[in-house]
Amino acid sequence: MSDKKIPPPPVLPPSEFKMKQNFCLFHKGEIKGEIYTCPSCKSKYCLECAINAKNEGKKCVKCKQMIFL
Ligand SMILES: [Zn+2]
Ligand SMILES: [Zn+2]
């Protein structure tokens with residue numbers, strides 16, 4: 001079964017691609033409401049998740065930058 005060809009990934013419609021750009025890595029879902037942008041890597045998170053992360057001493061998932069709020 002190892003010689004089985006992998007099918008090409010499905011092409012996402014533009015609306016879904018746009019949604020993926022507002023993906024919060026803290027709660028692993030679409031960002032709703034206000035957005036917090038990491039000053040270091042420009043990753044976007046929910047403002048609410050960023051506040052929670054800061055309170056819990058968590059850092060940016062991508063670059064480990066501290067949350068500045
Ligand atoms: Zn970052
Ligand atoms: Zn979030």
Side-chain angles (χ1 to χ4, degrees):
M1 293 297 251
S2 60
D3 60 346
K4 198 179 168 188
K5 278 185 183 173
I6 302 160
V11 180
L12 298 173
S15 61
E16 206 164 322
F17 179 70
K18 200 177 175 184
M19 198 190 88
K20 286 273 194 299
Q21 292 187 314
N22 277 345
F23 188 82
C24 170
L25 287 168
F26 280 131
H27 81 268
K28 301 211 166 32
E30 190 187 351
I31 297 171
K32 291 186 176 90
E34 290 192 75
I35 292 172
Y36 168 80
T37 307
C38 173
S40 181
C41 70
K42 310 297 178 200
S43 284
K44 287 174 185 169
Y45 301 103
C46 316
L47 185 63
E48 210 183 311
C49 284
I51 291 166
N52 289 338
K54 193 196 176 195
N55 290 340
E56 290 168 24
K58 288 180 189 170
K59 291 166 184 172
C60 173
V61 176
K62 267 194 186 166
C63 71
K64 309 298 175 196
Q65 173 67 256
M66 279 181 69
I67 307 292
F68 288 113
L69 284 167

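Numbering of residues begins at 1 and proceeds along the displayed sequence. Just follow the structure's listing: the first ligand is 1, and inside any ligand the first atom is 1. Side-chain atoms are counted along with the backbone in the values below, which use heavy atoms only and exclude waters and symmetry mates.
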So, of the N/O/S atoms that H27 has, which is the nearest one to the Zn ion (ligand 2)? ND1
If we only count heavy atoms from C-beta on, is the C41 to C60 side-chain gap below 4.5 Å? yes
Angle at the Zn ion (ligand 2): provide the value between SG of C24 and SG of C49, rounding to 10 degrees. 110°
Atom CD of residue position E56 - does it have more than 12 heavy atoms of other residues, nucleotides or ligands inside 6.0 Å? yes
Taken by chain and residue number, the protein N/O/S atoms under 2.8 Å from the Zn ion (ligand 1) read C38 SG, C41 SG, C60 SG, C63 SG
Calculate, to the nearest 0.5 Å, the distance between atoms OH and NE2 belonging to Y45 and H27 respectively. 12.5 Å
Rounded distance [0.5 Å steps], SG in C24 versus NZ in K44: 12.5 Å
Would you indicate whether the side-chain heavy atoms of Y36 and C49 approach each other to under 4.5 Å? no
Would you say the side chain of C38 lies within less than 4.5 Å of the side chain of K62, judging by non-hydrogen atoms? no
Less than 4.5 Å apart, side chain to side chain, heavy atoms only: is that true for K58 and I67? no
